[in-house]
Amino acid sequence: MRIDSNVYNIGYACITLGLKNAGLKTCRLQNAEDDRLKGIIENNLNALETVIKYNAENDIRLFRISSDIIPLASHPLVSIEWCSIFREKIKKIGELIIANNIRVSMHPGQYTVLNSLSESVVENAIDDLKYHAYFLDCLGVDESCKIVLHIGGVYGDKKQAINRFVLNYKRLDKAIKRRLIIENDDKNYNIEDVLNISAQCGIPVVFDNLHHQINPAANKNSQFEWIERSGATWKEKDGPQKIHYSQQNIEKSAGAHSKTIDAKVFSEFLNDLPDRNIDIMLEVKDKNISAVKCILYSGKKYSAKHLETEWARYKYYVLGKYPEGYYKIRELLKDKTKYLVKDFYEIIEEAISCESIKNNEINAAQHVAGYFRKLATDTEKRRIINSIEKYREVKISLKSMKKTMRVLAEKYDIEYLLNSYYFIEW
DNA sequence: TGACGTCAAGATCCG
DNA sequence: CGGATCTTGACGTCA
């Protein structure tokens, strides 16, 4: 049982935006020599530690660790003993996770197929699941930290394909079984199928709202009834029920995740959820930024000072995109006794959705350029001015102009800029 | 055989 | 030379 007063824990997957030293590295199989791989893993573990600290500081208690944390981990040609080489480091991260009451998970991708017709594919899938379970075990986190898996392909005969899934599930080690949970997907296995499989092998079920919208069950229950039924597959030792929540990107094909979470739509969803502990994993392009938003939106324990912290990260972005919104937010944050989270995010979302206007972006860029005045060399300052001028003359993109400043912000380690959302591309 | 999804690595092109 | 922009990849299924 968690001490948290919130009923819902909200988290995000794999990548943390607007946080320095948080990026994961990878490499090609072709040049995955042990030494190179070792360096990459060290980088990734340091990044994970940074991210866990960030999550704790921002009250984010749910986080999916990327499968790429150990690149090519389950590839037969890669045999590096990462767990013993980095034992102390991984243990330290695990302690940090536990001390901060964060629930972590992992989620192998679409290529881990346990019910394949091909035995070698199944063996690879089992190896991959072993890796995921092993990483979580090395962290030392408990059984509530899960591995989410899709059922797999259909191969023209769903009944047989389901049978194969159940049979292959039985082959798995206890170390995998205690963590494995299954999710409805957007093509093959709807929530009713997944619940039927769960009934056969007792695996907890993750309900994914967007997959359900695209690939609904024949039985037209409301999504909240399916969430209730999925909830019944979770036992005490599994921890609170988990669900995946995302919104459709209306500019893209069905199933594509939105750039940011529409907070109003999310809070309506939240209001209709069963009144008990549920963990909600957001799947959204702007990752932790939406997680913070949804947490601030849903919690009763937050106040104006939390909005101020967030505003410090957004403000140059908003100034460039939507100056009127910038001044409106400054106004509404003046009254420190009020927690105007809805008004705040309404303006932020408006800023994200509107088109850039060149003069406004130039104005914001000049503000940001001010941070280099005392630090950068004259050549570098000229480089910044030149890039702003080239942007003005439509010779380079906004992205390029921002990149010039980002590179220098990294060089001089200007923390305020590196931890701001100014460089995020929505 | 290529699309699917993802995003960093790596290659290549440009000034 | 640095920077911008492109193509590619470990994986499996399906049309």
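The sequence lines fix the lettering, A, B, ..., with proteins before strands; numbering per chain opens at 1.
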Could you tell me whether a side-chain N or O of A/Asp238 sits under 3.5 Å from a main-chain N or O of A/Trp234, the two making a donor and an acceptor?
no

Treating A/Asn249 as the side-chain partner and A/Ala256 as the backbone partner, does any N or O pair qualify as donor plus acceptor under 3.5 Å?
no

Touch check for A/Lys285, heavy atoms < 4.0 angstrom, all strands: base, sugar-phosphate only, or nothing?
sugar-phosphate

So A/Ile396, base contact, sugar-phosphate only, or nothing? Heavy-atom distance under 4.0 Å.
nothing

Under the side-chain contact (heavy atoms from CB on, under 4.5 Å) test, residues paired with A/Asn190 that sit two or more places apart:
A/Glu192, A/Asp193, A/Asn215, A/Ala217

Suppose we screen for side-chain contact (heavy atoms from CB on, under 4.5 Å). Which residues come up paired with A/Gln213, at least two apart in sequence or across chains?
A/Leu210

Rounded [atom1] spacing from [N] to [M] in Å:
N: B/dA11; M: C/dA10; atom1: P; answer: 13 Å
N: B/dG5; M: C/dA15; atom1: P; answer: 15 Å
N: B/dC7; M: C/dT13; atom1: P; answer: 23 Å
N: B/dG2; M: C/dT7; atom1: P; answer: 15 Å

Among B/dC7, C/dA10, B/dA9, which is the nearest nucleotide to the side chain of A/Leu29?
C/dA10

Does the side chain of [X] come under 3.5 Å of the side chain of [Y] through a donor N or O and an acceptor N or O?
X: A/Glu310; Y: A/Tyr421; answer: yes
X: A/Ser105; Y: A/Lys242; answer: yes
X: A/His244; Y: A/Glu183; answer: yes
X: A/Thr260; Y: A/Asp286; answer: yes

Taking only heavy atoms on the protein side, list every residue of residues 366-389 of chain A lying under 4.0 Å from any atom of DNA chain C, sorted numerically.
A/Arg383

If you take any heavy atom closer than 4.0 Å to DNA chain C, which residues from residues 157-167 of chain A end up in contact?
none

What is the distance, to the nearest angstrom, from the [atom1] atom on [X] to the [atom2] atom on [N]?
X: A/Met401; N: C/dT5; atom1: CE; atom2: C1'; result: 19 Å
X: A/Asp186; N: B/dT6; atom1: CG; atom2: P; result: 10 Å
X: A/Gln30; N: C/dA10; atom1: CD; atom2: P; result: 8 Å
X: A/Asp128; N: C/dG12; atom1: CG; atom2: C1'; result: 12 Å
X: A/Leu72; N: B/dA9; atom1: CG; atom2: P; result: 13 Å
X: A/Lys390; N: C/dG2; atom1: NZ; atom2: C1'; result: 11 Å
X: A/Ile151; N: C/dG12; atom1: CD1; atom2: P; result: 18 Å
X: A/Asp286; N: B/dT6; atom1: CG; atom2: P; result: 14 Å

Please collect all ring pair (Phe, Tyr, Trp, His ring centres under 6.0 Å) contacts where either partner lies in residues 44-73 of chain A, sequence neighbours excluded, each pair once.
A/Tyr12-A/Phe63

Residue pairs meeting ring pair (Phe, Tyr, Trp, His ring centres under 6.0 Å), one or both in residues 147-190 of chain A, sequence neighbours left out, come to A/His107-A/His150, A/His150-A/His211

Letter per nucleotide, 5' to 3', of nucleotides 10-15 of chain B [B base touched, S only sugar-phosphate touched, - untouched; heavy atoms, 4.0 Å]
S-----

N-O pairing of A/Glu283 and A/Arg64 below 4.0 Å
yes

Side-chain ion pair, A/Arg36 and A/Asp34, N-O less than 4.0 Å:
no

Give the table of side-chain donor-acceptor pairs shorter than 3.5 Å for residues 86-96 of chain A, with sequence neighbours excluded, one pair per line with atom names and distance.
{"from": "A/Lys89", "atom 1": "NZ", "to": "A/Asn46", "atom 2": "OD1", "distance (Å)": "2.8"}
{"from": "A/Lys89", "atom 1": "NZ", "to": "A/Glu49", "atom 2": "OE1", "distance (Å)": "2.4"}
{"from": "A/Lys92", "atom 1": "NZ", "to": "A/Glu49", "atom 2": "OE2", "distance (Å)": "3.1"}

A/Ser400 side chain N/O closer than 4.0 Å to the phosphate oxygens (OP1, OP2) of C/dT5?
yes

Salt bridge (charged side-chain N to carboxylate O under 4.0 Å, His left out) partners for A/Glu393, two or more places apart
A/Lys395

Every protein N/O within reach of nucleotides 13-15 of chain C N/O, cut-off under 3.5 Å:
{"from": "C/dT13", "atom 1": "OP1", "to": "A/Ser116", "atom 2": "OG", "distance (Å)": "2.8"}
{"from": "C/dT13", "atom 1": "OP1", "to": "A/Tyr155", "atom 2": "OH", "distance (Å)": "2.4"}
{"from": "C/dC14", "atom 1": "OP1", "to": "A/Val154", "atom 2": "N", "distance (Å)": "2.9"}

5'-to-3' dot-bracket of DNA chain B (Watson-Crick, G-U; under 3.5 angstrom; crossing pairs as [ ]; | other strand)
||||..|||||||||

Salt bridge (charged side-chain N to carboxylate O under 4.0 Å, His left out): which pairs involve residues 358-367 of chain A, sequence neighbours left out?
none

In Å, rounded to the nearest 0.5 Å, how long is the span from CZ of A/Phe224 to OG of A/Ser230?
12.5 Å

Check whether the ring centres of A/Phe372 and A/Tyr412 lie less than 6.0 Å apart, and answer yes or no.
no

